[in-house]
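Order of listing sets the numbers, starting from 1, for every ligand and every atom in it.
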Amino acid sequence: MEFYNCYALDYDSARDAFLRIAANTGASLTHYLHPTHQGPQGQDLYVDVAYYGSVSASRKLIVLSATHGLEGLSGSAAQLAWMQGEGPKTLPEDVAVVMVHAINPWGFAHLSRTTENNVDLNRNFIDHGQAPANPAYEQLHPLVLFDSWTKQNIVAAQQAMDDFAQKHGSDALFDALARGQYSRADGLNYGGSQREWSNLVLEEIVQNHLLGAEKVAFIDWHTGVGEYGEPFFLCFNEEGGALFEQAAGWWGDARIKGQRPHGKARPNYQGLLFHGVQQFLGDTPMCGAVIEFGTRGWHMRRMLRLDLWLKFKADPGSPAYAMLQTDLLDSFCPFDQIWRDSTIQHAQEITAQAVQGLAAW
Ligand SMILES: [Zn+2]
């Protein structure tokens, strides 16, 4: 399989390829139009669902791309890799695969990690009446967004963060920055003040395409954590529980157990999409993982700040803008063929493992 048959350069061409290949490989398609927002050229934005297999299948695998918008360039390719391979042709009788393309289409089309409201969709699935506090983030927030993107400002912010890590530990720094916060709408990993459109539409997708299943498997494709071009698994089933062991059985103990993103303790992530789907499913058991492909390691923390800066501080007409946006894109989805070949190969294998595991569950 050639990487250029899986990877696209933007949301529109990724969507076109997804619809064409889904139609050619026997999937049934459903489209969910964003009611209020458009892409950068004024084009309509959709979440598209390709359903493979019998409607009455008792086991269903849901696979998502673009929870973090621009990571969808890789997630979409991961989906297309399975769709164009042997997967659809060899689907076990009682298993269905539900491919959800671009769950955050605004972020994908605008090449931002967040939704149209600067919300990290993967922190949005909480009870917004009781949003958890993140006091450590409050201390760090002034360092996160500065007026001009200069080396001097970047180094100064980094120094202040290093000081925080010196005092409280680097695990505490990572947790404060990454767990999610609900107080600063122009901040990092902002979880929002209400359910995003993508959150509401995901509930509709679960109702329309997953209900009736007795067992559900889950893959949410991301990028930015792990070794370059290699998968990094974040399983959010209860550690040590039966579902956690199930995931380890599919993908291997070494990939599931004791994972430390960027070599640090796993942040106490709030409002994960994984938990949202679990809640929408009620009592139906679900097992699976967020699966990342590694890019620039710990340096990605700076790129999250660049994403914010481009949104709130940059002049889109300036020469620096296009340069920095290209760097942002390359940091989340490297243009490098070696990286792209590796990720589509892994994606095919990992998806096939989930299908086989689900069939045998
Ligand atoms: Zn992500």
Side-chain angles (χ1 to χ4, degrees), residues 7 11 14 47 62-79 100-126 174-175 177-181 187-192 196 198-199 202 218-236 255 259-262 264 266-277 288-308 310-311 327-334 339-340 343 346-347 350:
Y7 274 90
Y11 165 78
V47 178
I62 180 171
V63 183
L64 298 117
S65 62
T67 296
H68 289 142
L70 86 171
E71 296 171 26
L73 280 167
S74 171
S76 173
Q79 292 175 317
V100 181
H101 187 259
I103 187 63
N104 166 14
W106 186 93
F108 194 162
H110 290 266
L111 299 178
S112 171
R113 200 166 166 278
T114 73
T115 70
E116 54 273 25
N117 301 311
N118 189 43
V119 169
D120 181 338
L121 182 61
N122 214 22
R123 305 290 182 276
N124 184 240
F125 293 79
I126 61 156
F174 186 33
D175 182 69
L177 290 172
R179 66 153 58 203
Q181 54 85 15
L188 268 186
N189 298 93
Y190 173 57
E196 289 294 285
S198 295
N199 176 327
L202 183 59
F218 173 99
I219 294 175
D220 186 11
W221 293 115
H222 286 249
T223 63
V225 180
E227 299 295 321
Y228 189 77
E230 294 299 313
F232 185 93
F233 287 66
L234 289 163
C235 174
F236 294 108
R255 282 176 159 175
Q259 292 302 314
R260 292 170 58 81
H262 301 305
K264 305 195 188 315
R266 194 158 91 179
N268 184 15
Y269 296 116
Q270 305 293 309
L272 294 170
L273 183 147
F274 181 95
H275 294 133
V277 175
V290 158
I291 306 172
E292 305 260 356
F293 288 116
T295 59
R296 299 186 191 173
W298 184 242
H299 294 297
M300 290 307 288
R301 297 307 306 171
R302 176 205 284 201
M303 303 314 282
L304 266 53
R305 303 203 286 278
L306 177 59
D307 184 19
L308 269 192
L310 287 168
K311 194 174 298 161
D327 190 25
L328 181 73
L329 178 51
D330 181 67
S331 74
F332 279 99
C333 184
W339 189 86
R340 294 185 175 202
T343 58
H346 281 301
I350 290 164

- Salt-bridge contact Arg302-Asp327 (side-chain N to carboxylate O under 4.0 Å): no
- Item | Ser76: partners by side-chain contact (heavy atoms from CB on, under 4.5 Å), with sequence neighbours left out | Ala14, His101, Phe108
- Task: If you have a sec, read the angle at the Zn ion (ligand 1) from His222 atom ND1 over to His68 atom ND1, to 10 degrees.
- Result: 100°
- Item | 2.8 Å cut-off met by an N, O or S atom of Glu292 to the Zn ion (ligand 1) | no
- Flag, side chain of Arg179 to backbone of Asn189, donor-acceptor distance under 3.5 Å: no
- Message: Here's a test for you: under side chain to side chain donor-acceptor pair (under 3.5 Å), which of Asp120, Thr223, Asp220, Asp307 qualifies with His68?
- Response: Asp120
- Message: I'd like the atom name of the N/O/S atom in Glu71 lying closest to the Zn ion (ligand 1).
- Response: OE1
